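Predicted model, so just to flag it, every value in this text is computed and none were measured. What's counted below: heavy atoms across the whole structure, side chains too, no hydrogens, waters or symmetry copies. Just so it is clear: chains get the letters A, B, ... in the order the sequence lines come, proteins before strands, and each one is counted from 1.
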2 protein chains.
Amino acid sequence: MAQRLVPGTKLGERELSEKFDSSRIVIRQALLMLAGEGLVTIERNRGAFVKRYSLQEAMEIYDALTLFEQGVAVQLASRLGTADWQKIRDHIKLQAEAIDQGDNELADNLGAGFHELLVSLTNNRLAQEIHSQIVQRTHLLRSLYNSRFDYCNLLNEHSKIVDLLERGRVKQAMSLIESHHHHVVRGYVMDMSNYPQMTLDEALSPFLTAEEQKNSFAAAGI
Amino acid sequence: MAQRLVPGTKLGERELSEKFDSSRIVIRQALLMLAGEGLVTIERNRGAFVKRYSLQEAMEIYDALTLFEQGVAVQLASRLGTADWQKIRDHIKLQAEAIDQGDNELADNLGAGFHELLVSLTNNRLAQEIHSQIVQRTHLLRSLYNSRFDYCNLLNEHSKIVDLLERGRVKQAMSLIESHHHHVVRGYVMDMSNYPQMTLDEALSPFLTAEEQKNSFAAAGI
DNA sequence: AACACCAGATTGGATACCAATTCTCTTTAT
DNA sequence: ATAAAGAGAATTGGTATCCAATCTGGTGTT
């Protein structure tokens with residue numbers, strides 16, 4: 001989830017159980033749950049691997065995200081009041097300031113936050129869950145394909161989408177959302193050349209206690 | 001999934017492992033996966049139960065379904081060709097014939113199939129998965145609240161929605177989808193009002209049926 | 001009647017063990 | 001030298017057993 005593990009990495013049960021100082025069964029349960037969320041694949045008698053989506057599947061994930069957010073937008077267009085629209089515009093303004101100050105990381109977070117904000121305004125916990133499930137899958141793609149966004153353009157689109165939705169121009173808003181997502185996808189340059197390889201130890205170390213690190217190193221030494 | 005278990009029924013690990021002749025751990029793994037799909041709740045140190053959605057949650061499920069199918073419809077409106085629209089109309093015709101012949105069960109299945117067909121026309125496996133996850137949750141609600149649909153009216157709405165989508169009247173199609181789902185929900189809600197929440201009957205019925213399930217399973221197993 | 005307390009049952013988890021499959025490396029044959 | 005075959009190691013999928021923590025229900029005391 002922190003995008004520290006490269007897709008395709010093997011997640012051995014014994015290895016993980018030693019690193020996290022727990023039993024193989026707990027690890028397997030975790031892997032099964034992650035497989036249910038589409039972040040991990042389990043191949044019978046071969047083990048679990050960080051899911052590595054094909055180009056085709058990547059497109060499906062982004063299409064599903066587009067589809068879902070179009071649905072969200074339709075709902076918002078028929079439900080939000082002026083106060084809500086103002087809240088969204090405030091968020092956009094925040095991101096604009098971050099861009100002006102050249103803080104790309106903050107701008108990136110706020111950019112993702114915009115989509116989250118829209119979904120949370122539906123007041124629908126299930127919708128939020130589904131949305132975050134799709135978004136998490138896109139994170140797996142990010143680590144495969146380096147991204148280079150035109151933040152200013154994307155922000156502009158956010159603003160236009162909000163305008164169209166508030167004025168009830170649903171059809172135009174829909175097609176703008178669609179092209180907005182296309183722009184995001186296009187930002188992901190399909191550049192698999194430099195794989196930032198990290199060992200399991202390095203990737204997981206932030207999540208281990210000192211005690212567990214010791215076990216992990218001991219296990220690696222043998 | 002077959003709607004044979006009443007929401008609230010306790011799913012004891014030992015009990016299930018004996019009935020299915022497997023170990024407790026396999027059962028627990030299954031329960032964890034079902035919990036991930038929202039069909040089961042697991043309360044710590046208390047066990048797993050068939051999920052019993054509150055009225056609020058039930059509304060959220062239907063809203064999420066509406067939202068999602070609106071997104072599907074937007075996608076279809078911008079992608080389908082005339083051959084695809086014809087396929088949909090053929091399906092509607094099938095259901096109309098079933099209604100004419102008074103075959104309510106078949107009509108019901110075809111009615112659900114209409115929504116499935118729309119989603120499958122997106123050619124997006126992830127979208128189909130998400131859709132069926134939401135639909136499965138609605139099945140849990142069905143077993144709580146009996147329904148009585150006006151099939152003819154619902155079918156008419158299907159037909160109108162298809163017309164609007166093919167002609168690109170997105171906004172009108174969206175609001176028709178919304179009211180279509182409201183009609184479906186109203187089929188449940190009406191009956192729900194007959195069952196005031198948390199009567200003694202309602203509180204006790206899960207335990208009685210759990211007992212019955214026990215006997216039924218024992219009889220079937222031996 | 002309210003409260004503390006105790007025994008039974010259930011879950012969450014660990015360990016050990018086994019069968020089946022896969023992987024790897026050596027050996028063998030062409 | 002290379003490819004096929006095979007034995008052994010390693011890994012997964014699964015079961016049985018055991019133990020601690022927690023919850024449930026009943027009992028007894030005040």
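Within the structure, every side-chain polar atom (N or O) of A:Arg46 is placed at least 4.0 Å from both OP1 and OP2 of D:dG13.
Residue A:Arg44 contributes atom CZ, which lies 9 Å from atom P of C:dT22 at whole-angstrom precision. In this structure, the CZ atom of B:Arg14 is 13 Å from the P atom of C:dG12, given to the nearest Å. Taking atom CD1 of residue A:Ile25 and atom P of nucleotide D:dT12, one finds them 13 Å apart after rounding to whole Å. Remark: C1' of D:dG13 and CE of B:Met33 are 14 Å apart, rounded to the nearest angstrom.
Counting any heavy atom pair closer than 4.0 Å across all strands shown, A:Ile42 reaches sugar-phosphate atoms only and no base atom. Using a 4.0 Å heavy-atom cutoff across all strands shown, A:Leu31 reaches no nucleic acid atom at all.
No donor-acceptor contact under 3.5 angstrom links the side chains of B:Glu116 and B:Gln128, judged on distance only. B:Gln70 and A:Gln75 form a side-chain donor-acceptor contact under 3.5 Å, judged by distance and modelled atom types alone. Between A:Asp90 and A:Gln86, the side chains place a donor N or O and an acceptor N or O closer than 3.5 Å (distance only, hydrogens not considered). Judged by distance alone, the side chains of A:His158 and A:His180 do bring a donor and an acceptor atom under 3.5 Å apart.
With hydrogens and angles left out, the side chain of A:Arg24 and the base of C:dG13 share no donor-acceptor pair within 3.5 Å.
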